[in-house]
Amino acid sequence: MLWVYNITFLLLTLSTICHGDNPGAKLHITERGLKKGVEYLVNNMMSNNAVYELSDVTGSEDIASEDMSYEFTKIRMVQFHHGIISAQWMPETGLHVLMENGNATINCNWKLDSWLIKDSGSSVMTLMGLSISMIMGVRRIEPGVPSIYLLDCQSSVQHVDVKMLGGVSYFFESIKEPIQNVVQRSVNQQLCSSIRNQVKKWDQSFSQLNMTVSLNRFIELDLSLVGYPEISDHYANLGLKGLFYAQNKSHSETAFSPAPMTFPVKDSTMVYIGLSQSSVDSLCSAYFSAGFLTFQVSHMVGSKELTTSALAAYMPEISEHFPNPAPVKIKLSATRSPLVFLLLNNMTVQFRGFIQTNAYPPNTKSQNIFSAYIVASLQGSFSFSEAKAAQGLNLTGSFHLDRFQVEGSKPVINTAKGVAKEKGVQQLVQDVVMPVVNEELARGVFIPSGVLKNAFVSIEKGFAILAADLK
Ligand SMILES: *[C@@H]1O[C@H](CO)[C@@H](O)[C@H](O)[C@H]1NC(C)=O
Ligand SMILES: *[C@@H]1O[C@H](CO)[C@@H](O)[C@H](O)[C@H]1NC(C)=O
Ligand SMILES: *[C@@H]1O[C@H](CO)[C@@H](O)[C@H](O)[C@H]1NC(C)=O
Ligand SMILES: *[C@@H]1O[C@H](CO)[C@@H](O)[C@H](O)[C@H]1NC(C)=O
Ligand SMILES: *[C@@H]1O[C@H](CO)[C@@H](O)[C@H](O)[C@H]1NC(C)=O
């Protein structure tokens, strides 16, 4: 029997190691998020002023002791107010949406034919107390896009008011009620089929969604759905690929195997977006591949020009080589993609790079003061605010230097002048380079997302969470 345990152990171990199919990002939508999302969908995709065509209604009815045949054609719902919307998740299925106490206006042409009258004209009908209850399934279809479908639909109209225009209108008061009943019945039947068409249209537009979004000219983010949506009573989790990549680097070159993310149970905001450490790493890698991780420093904080005399605080011998202050430029560039480590309330970045410092004395060519390979450990913190100019979020952050080392077993600081020592370089990076990097980060990175507000970042073990409300 021992082999059974061994195999089980092996499989369990493998399943924790080989998690290539885990989502890199996860979207957690709470009940409040669902309600807001449904309102958004209904308000934006089911415009109050859109015209919905319903099919013709024909038949005959015993009206005022007359057998009267009727025909309502060109029925168009010209106005639709959905009333009060409520929505709930349905475990393992999708969602239940209820619209109550809505109203609608319908225009149509009518024709009545009986022994007593033969007449035609147009009419305006007002539907009141409109209620629609629908259950929609949510699933994932290839290539990783969401799909919705109508599982059940019930509708009811409490009251219909018909105004006949044209024709011999004095006659209508006596036949108004039976006509209203006919309209009420048939509208009721038709509402759900019109909704079925609407849901098909929504699904169609979902299926055409491009799940790859551009962050900027160089970096793209793959957000295709990974795995089936996980739906419980109070929330839905959608697994997303969450892979960032540089446009000029092929997709498949990036090794990507996120660890599973388990969200802490919190329901105070509408949506939670989890970003795994792998996903954050892919973002760093994309920035690195796109050539963004190079920083040029030519001024101190407060825009004072960086000169050899300012450097004297870090490497005193420099004054001997440059008796007259000369402008200095420090260039720091990553030599490989930075590695990010996420722990509870703790984000550490390991940065490997090359630092090069040159002086630019007037009337001579530039001189290298020192160059060195460095390894630095940085502690980062980030926060979101509403962007000022455009619709979106403003991501600002700061780093502070935790550990710093000139790389190699014996520190090699390539300098002809012999002025730079590891301690001095570290202090220089700490006092001059970091503030410039932080100045850049404090200016903020604009994230175009018109739908999120009250965004808040927190760091958990292995992933970061963005909590936000929908506008
Ligand atoms: C229809 O509903 C809208 C929004 O609730 C309301 O403003 C409007 O007065 C209603 N129309 C009728 C005829 O009841
Ligand atoms: C999706 O959008 C991305 C980024 O804008 C673009 O590079 C890609 O070609 C698009 N894919 C399709 C199938 O349109
Ligand atoms: C991608 O483009 C950036 C910026 O143009 C460049 O610095 C980088 O070397 C390019 N990377 C590759 C792999 O071509
Ligand atoms: C964060 O984690 C790193 C690496 O484990 C550790 O060195 C550092 O002290 C931690 N920082 C804080 C503020 O907890
Ligand atoms: C982002 O926030 C910073 C700091 O408050 C501010 O200086 C910057 O202008 C903001 N950027 C945008 C796009 O709102």
Side-chain angles (χ1 to χ4, degrees), residues 39 42-43 46-50 52 77-86 98-107 123-132 141-145 157-163 180 183-184 187 191 204-225 240-252 254 282-283 286 289-290 301 303 381-399 435-450 452-457:
E39 277 169 10
V42 170
N43 288 330
M46 205 161 171
S47 145
N48 284 340
N49 301 314
Y52 297 94
M77 196 181 277
V78 291
Q79 211 180 74
F80 174 81
H81 288 285
H82 50 65
I84 300 155
I85 298 181
S86 56
L98 193 60
M99 303 184 203
E100 286 174 294
N101 208 16
N103 62 53
T105 309
I106 289 179
N107 289 347
S123 89
V124 178
M125 305 177 190
T126 314
L127 315 183
M128 250 105 64
L130 197 71
S131 291
I132 303 167
I141 55 167
E142 287 302 331
V145 294
V157 176
Q158 263 164 21
H159 182 72
V160 176
D161 183 53
V162 178
K163 275 201 182 62
Q180 286 179 173
V183 171
Q184 189 165 351
V187 164
L191 265 180
Q204 184 70 26
S205 51
F206 280 153
S207 72
Q208 284 160 1
L209 276 181
N210 182 348
M211 300 299 279
T212 296
V213 295
S214 294
L215 242 62
N216 51 44
R217 269 172 57 216
F218 308 100
I219 293 171
E220 294 188 344
L221 167 60
D222 182 348
L223 283 176
S224 33
L225 287 185
L240 309 169
K241 182 86 179 173
L243 171 65
F244 294 87
Y245 58 95
Q247 247 171 7
N248 61 0
K249 200 174 172 205
S250 111
H251 216 131
S252 51
T254 325
S282 75
L283 177 62
S289 302
V301 184
S303 295
S381 64
F382 288 94
S383 67
F384 280 102
S385 58
E386 301 274 318
K388 284 174 210 139
Q391 283 258 313
L393 297 173
N394 188 3
L395 175 66
T396 49
S398 71
F399 278 112
V436 170
V437 171
N438 282 333
E439 222 171 44
E440 195 66 42
L441 289 172
R443 223 171 280 152
V445 176
F446 176 67
I447 299 182
S449 158
L452 299 179
K453 62 173 186 186
N454 306 334
F456 179 77
V457 209

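Remember, it's 1-based here, ligands and their atoms both numbered in the order they're listed. Please read all numbers here as calculations on a predicted model, not as lab measurements. When reading the values below, keep in mind they use all heavy atoms of this one structure, side chains included, and skip hydrogens, waters and symmetry mates.
Below 4.0 Å from some heavy atom of Ala442 lie the following atoms of ligand 5, by number and element: 3 (C), 4 (C). Ligand-side atoms of ligand 5 in range of Ala387: 14 (O), range being under 4.0 angstrom from any heavy atom. Heavy-atom contacts of Asn103 reach the following atoms of ligand 1: 1 (C), 2 (O), 3 (C), 8 (C), 10 (C), 11 (N), 12 (C), 14 (O) (cutoff under 4.0 Å). Numbered from 1 in the order shown, with element, the atoms of ligand 5 that lie under 4.0 Å from a heavy atom of Asn394 read 1 (C), 2 (O), 3 (C), 8 (C), 10 (C), 11 (N), 12 (C), 14 (O). In summary, the atoms of ligand 5 found under 4.0 Å from a heavy atom of Arg443, numbered by their order in the structure, are 1 (C), 3 (C), 8 (C), 10 (C), 11 (N).
Inter-residue side-chain proximity for Met77 and Leu191 is flagged as met; some heavy-atom pair is nearer than 4.5 Å. Ile141 is not listed as a side-chain neighbour of Phe206, based on a closest heavy-atom distance of 4.5 Å or more. Under the 4.5 Å side-chain criterion, counting only non-hydrogen atoms from C-beta, Leu441 is not in contact with Ser398. With contacts defined as side-chain heavy-atom distances shorter than 4.5 Å, the pair Lys163/Ser123 does not qualify.
A donor-acceptor contact shorter than 3.5 Å is absent between the side chain of Ser289 and the backbone of Ala286. Between the side chain of Gln184 and the backbone N or O of Val157 there is at least one donor-acceptor pair closer than 3.5 Å.
When all heavy atoms of Phe218 and Ala290 are compared, the pair lying nearest together is CB-CB, 3.8 Å.
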Pairs of nitrogen or oxygen atoms, one from ligand 2 and one from the protein, closer than 3.5 Å: please tabulate them with distances.
{"residue": "ligand 2", "atom": "2 (O)", "partner": "Asn210", "partner atom": "ND2", "Å": "2.2"}
{"residue": "ligand 2", "atom": "2 (O)", "partner": "Thr212", "partner atom": "O", "Å": "3.3"}
{"residue": "ligand 2", "atom": "5 (O)", "partner": "Ser214", "partner atom": "OG", "Å": "3.0"}
{"residue": "ligand 2", "atom": "7 (O)", "partner": "Glu220", "partner atom": "OE2", "Å": "2.9"}
{"residue": "ligand 2", "atom": "11 (N)", "partner": "Asn210", "partner atom": "ND2", "Å": "3.1"}

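By the 3.5 Å distance cut-off applied to N or O atoms, Thr126 is not counted among the residues near ligand 1.
Rounding to the nearest 0.5 Å places CD of Glu39 at 7.0 Å from NE2 of His82.
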Sequence neighbours left out, cut at 3.5 Å: what donor-acceptor pairs do the side chains of residues 99-106 make with other protein atoms?
none

